[in-house]
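To find a chain, count down the sequence lines: A is the first, B the second, and so on, and within it residues start at 1. In this text, all values refer to a predicted model and were calculated from it rather than measured experimentally.
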Amino acid sequence: MTASSTPDVPPVSSTVRKLDRAQSQLDAKGAPAEPFVLPPVAGGMNDAQREAVRHLDGPCLVLAGAGSGKTRVITQKIGYLLRDCGYNARNVAALTFTNKAAKEMAERVKSVAAPNQLKGLTISTFHSLGVRLLREEAKKVGLKPAFSILASDDALGIVQDLIATTDKGRLRAVQNTISLWKNALVEPDEAERIASTEGEREAARAYRSYNATLRAYQSVDFDDLIRLPAQLLERDDEARERWQSRLRYMLVDEYQDTNACQYRLVQLITGPRAMFTAVGDDDQAIYAWRGATIENLAKLTTDYPNLKVIKLEQNYRSVQRILAAANRVIEKNPKLFDKKLWSDLGAGDPIVVVPMDGEEAEAESVAVRISAARFEKKAQWKDFAILYRSNHQARAMEQALRNLKIPYMVSGGQSFFDKAEVRDVLAYLRLIANDEDDPAMIRAITTPKRGVGQATLEVLGNYAGEREIPLFAAIFETGLEQRLAARQLAQLREFGEFIHRMQWRAGRGASGEAITSAEPAGEILDDLLRAINYERYLYDTFDERGAQARWQTVLDLTGWLRRKAEEDNMTLVELVQHIALITMLEKNDEEDPDVVRLSTLHASKGLEYPHVYLVGVEEGLLPHLGKDDEEGDPAKAAESLVARVQEERRLMYVGITRAQRSLHVTWCKKRKRGREDVAREPSRFIEEMGLGGEKIVDTTPAMSAKDRLGMLKALLNKGG
DNA sequence: TGCCATTCGTTTTTT
DNA sequence: ACGAATGGCA
């Protein structure tokens, strides 16, 4: 799986040797030595946490069980480095996987050091760091600094052009396989060698041209944001040394979710000095499907013989009964590191398991129970979370919550940036920032319709192909006059002029680099939307309701862009360059509103709630086991099935351990599948929780609509 | 031959 | 409930 044998990616050991050489040169030039005497650490931590914070004698792995205070360790350690150890914030980086986690960590770090000490500190996702590195080093990688980042849908479009099929599932499979290869540092050559199934062979054939197409568009996909920086640092001694002396201490959160590529990047940046702290929990590894491998945890111990391993085993989050159930479930998985979580927060209430008739009944019942519990426990809405395996389960829940007028927020789910209207607007912005971005060009020039259709684009595409120039540049070529009707040509040129004007106003110099005389992003955006008449287009193509919702989304987007540009004093072009990574979570700045949280189990990781309702805990849903692929190799199929059950079990573990005080687990005896009701079995994980006599099986039927209304009124009256 | 409507089927998680 | 595929109609 690792790329040790790939010709153009040297094996770890040789890399480390090279790094050693590079590093000794660096140190000889007088880089500051690490502090000798360790100052004390501020209190409020247990012995293990304190040890983790203070360990600076080399690489450090913190095995942090759920709720054991890992974020605390990271933030305290940042504070320790900056306050007490003389580190400059510019030389410290903390990496997370999600924007949400990065944002939260940035928030918590504020309490740990003075603002001026924090200036220049890097707290970002792997992907954001990758973008930053890539923008700065663009020339060395053969990209212009204004390269585009393609969302997965755009990347899928590229795959579609490469493979002759309309089968969306197959295209996704190819895209996915390529993504996994990139994450595992497998280059096209090796991919061709190791492809074993028909699907993989198809992907291997497309892999090389997929990369070539991206390059032609001056674009990268998400995986490239890690892969290309790693590749660059691997090959370019000068760049590597520069980044090594720049990021002198790294902290990596959720280390169990790193993939081979991310591991390599960390390894290259930290170099042989290996000044880093990795924090993770093998029991919470739930991203194997996107290339993460817990082998990275094991590899750490072999790659770094002087690795200090510290376990955090005291849980500060959950009541004993919840923790015990979680421990019993995860016990069924093989252990990489032995650790046992304990808590002194008291026994707590028994865990409640409730079988339900169907998904509406389940949703209704959970909603009613939350209403009642809020009243009984004098709790707030935001003390409750409803967690589920897959996004579509949110539908029924949302409906039930709306019926009871319970405020809620859905986190996770499909990204804001996947919405068509957002991608439409962004296509224009991408094109303005990078006019070699052909997918953006095609999308922009065809939405809204402006009399340029398939036929015209084909002519343009052919012409651009012959000359090997971008589509946008082709617009202005004189050779087109013979091939296109005057009318079409006029449309194209008008569009081209329009984009040119926007580029100029947005602060993009003729050759692509940013210039200083840019107009405010907000004004340009307004003019852009007005010029393309986007609102009108929405109302023409959708019904009143749909158009209104979509237009609101566009306003959210532009409003956010405008604010962001002002706050960070960026030109539109600069803004667009890192926008692909930003989640709308960042937009929801309103500090935690009092609402019930709906979330997938994946999106819930790292969060905690007093009262958790884990719904749809059924065989086939959690664990969700797809079909066995592995064409005709029963041994392999069985092996992968076992691995998948183990990952689903960790997902269950993550779900249970989100709960602080109470946990409800529900499952449906029947569930609608298509139009038929299908009988369902409770998840094996319910049994594995080992609730024994303690389990309460509550079979109260769902309330009638009338009773519910009565209860709601009663609650409203009493609750005020 | 192309488009519209109906019917059937359905693996999920995210940067 | 959504998306794709197929069948029927114009």
Peer 1: Taking OH from A:Y287 and P from B:dT12, how many angstroms apart are they, rounded to a whole number?
Peer 2: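 In whole Å, B:dT12 P lies 16 Å from A:Y287 OH.
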Peer 1: Confirm from the modelled atom types if A:R290 and B:dT13 form a donor-acceptor pair under 3.5 Å, side chain to base only.
Peer 2: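 Side chain to base: no pair present.
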Peer 1: Does A:T600 make a side-chain N or O approach to OP1 or OP2 of B:dT12 shorter than 4.0 Å?
Peer 2: no
Peer 1: Counting only side-chain heavy atoms from C-beta out, which of B:dT12, B:dT14, C:dA1 sits nearest to A:W289?
Peer 2: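 From the listed options, B:dT14 comes nearest.
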Peer 1: Return the value, rounded to whole Å, for the distance between atom CZ of A:F97 and atom P of B:dT15.
Peer 2: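 Nearest whole value for this atom pair: 11 Å.
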Peer 1: To the nearest Å, how far apart are A:L601 CG and B:dT11 P?
Peer 2: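 Nearest whole value for this atom pair: 20 Å.
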Peer 1: Among B:dT14, B:dT15, C:dC2, find the nucleotide with the atom closest to the side chain of A:H602.
Peer 2: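 Given the options B:dT14, B:dT15, C:dC2, the side chain of A:H602 is closest to B:dT14.
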Peer 1: In whole angstroms, how far is the P atom of B:dT12 from the CG atom of A:L641?
Peer 2: 17 Å
Peer 1: Establish, yes or no, whether the cationic atom of A:R290 lies under 6.0 Å from the six-membered ring centre of A:Y287 and within 45° of the ring axis.
Peer 2: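 Output yes; distance and angle both within limits.
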Peer 1: Can you identify which nucleotide, out of C:dA1, B:dT14, B:dT13, has its nearest atom closest to the A:R395 side chain?
Peer 2: C:dA1
Peer 1: I want to check a possible cation-pi pair here: A:R597 against A:F384, using under 6.0 Å from ring centre and within 45° of the ring axis as the test.
Peer 2: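 Here A:R597 fails the 6.0 Å and 45° test against A:F384.
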Peer 1: Look at the side-chain N and O atoms of A:N259 and state whether any lies under 4.0 Å from the OP1 or OP2 oxygen of B:dT15.
Peer 2: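 Checking A:N259 against B:dT15: no side-chain N or O falls below 4.0 Å of OP1 or OP2.
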Peer 1: Between B:dT14 atom C1' and A:Q175 atom CD, what is the distance in whole Å?
Peer 2: 12 Å
Peer 1: Using a 3.5 Å distance criterion without hydrogens, assess whether the side chain of A:E202 forms a donor-acceptor pair with backbone atoms of A:E198.
Peer 2: no
Peer 1: Quick one: is B:dT13 close enough that its OP1 or OP2 comes under 4.0 Å of any side-chain N or O from A:N391?
Peer 2: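 Indeed, a polar side-chain atom of A:N391 lies that close.
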Peer 1: Rounding to a whole Å, what distance do you find between A:H624:NE2 and B:dT12:P?
Peer 2: 5 Å
Peer 1: Quick one: A:H392 NE2 to C:dG3 P, roughly how many Å, whole number?
Peer 2: 15 Å
Peer 1: In whole angstroms, how far is the P atom of B:dT13 from the OH atom of A:Y388?
Peer 2: 10 Å
Peer 1: Heavy atoms under 4.0 Å, any strand shown: does A:T98 hit a base, just sugar-phosphate, or nothing?
Peer 2: sugar-phosphate
Peer 1: As an exercise, state the distance from CG of A:L601 to CG of A:L622, rounded to the nearest 0.5 Å.
Peer 2: 6.0 Å
Peer 1: Can you check whether A:N259's main-chain N or O pairs, donor with acceptor, with A:N296's side chain at less than 3.5 Å?
Peer 2: yes
